Amino acid sequence: MLIAQLSDPHVRPEGVLYQGVVDSNAMFAAAIVHVNALDPRPDLVLLSGDLVDKGTAGEYTMLRKLLAALELPFLVIPGNHDDREAFREAFSDHAYLPASGPLNYVAEGYGAVRIAALDVTLPGLHHGTVTPAGAQWLEEVLAADSSRPTLIMMHQPPFESGVPYLDAYLCRDGGRLAEVVSRHPAVERIVCGHVHRFMMTRFGGTTLCTAPSTTTAIALQLKTDALPQSFVEPPAFLLHHWRPGIGMVTHFNPIGAFPGPYPFA
Ligand SMILES: [Fe+2]
């Protein structure tokens, strides 16, 4: 099973630049063209939050317009820049989304890997949390079929990255998540967005990785007094490839056209 993960496109209303600097809409459109052209094609595309920047109706209208070009099935979760209710309204045709409360869901039927989406966002706040109810929900999902390979998707990552301005807004109470995940070895991967960078770490006995954004990258700075910055680095996405007997391999892929191909050996 092949799963593409696009994250943090920060779509703006038509004709408006993200941060007044970059055309996040055009960059998301380019990401969609890139994913559509993959061969083999992914079975599923995951969109791991911050689908828009301010949570306005005009942004969600633009988002759906851009997503109309995506020729593959896709699943969505909100990020801290989304507005939970506007998001729910914008994806009212996505029947897997619950009608109220956090947008937790389990999705099966796209391939061998089960997707468990855990909504750790807190409306109006930039950091997230794993609530006792969220952890309980996830425990029940995982216990329902303990042998099914599973990918958990959430927006804010539950670990300290070492980048101070990212760690101010991480997903708190990650211990609750680690406790659940450590009981379920079928969890192949936890995937997050939010940090606009690729990172990987061990978490709760599984592997956790974060996705780059399809627009700007948040600066990698590890000094404790570093000030927030972002850069227009090459945009990128992740491709999670699961095979029986092998497990999940995650590929980092820049989006765009690059020089080559050249002879390899
Ligand atoms: Fe973001």
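Ligands are counted one by one from 1 in listed order, and the atoms in each one are counted from 1 as well. Keep in mind the model is a prediction, meaning the values are calculated, not measured.
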Assign the ring pair H94 / F74 to parallel, tilted or perpendicular, where the plane angle (0 to 90°) is split at 30° and 60°. tilted
Classify the ring geometry of H81 against H126: parallel below 30°, tilted from 30° to 60°, perpendicular beyond 60°. tilted
Any Lys/Arg nitrogen of R12 or E59 sitting under 4.0 Å from an Asp/Glu carboxylate oxygen of the other? yes
Does E179 pair with R176 as a salt bridge, N-O distance under 4.0 Å? no
Using the Fe ion (ligand 1) as the apex, give the angle to atoms NE2 (H196) and NE2 (H10), rounded to 10 degrees. 90°
Verify the distance test for H194 against the Fe ion (ligand 1): any N/O/S atom under 2.8 Å, yes or no. no
The Fe ion (ligand 1) to H81: any N/O/S contact under 2.8 Å? no
For the Fe ion (ligand 1), what is the closest N, O or S atom on D8? OD2
Closest approach to the Fe ion (ligand 1) by D50, given as the N, O or S atom name: OD2
Do L177 and L151 share a hydrophobic cluster (ILVMFWY, side-chain heavy atoms under 4.5 Å, transitive)? no
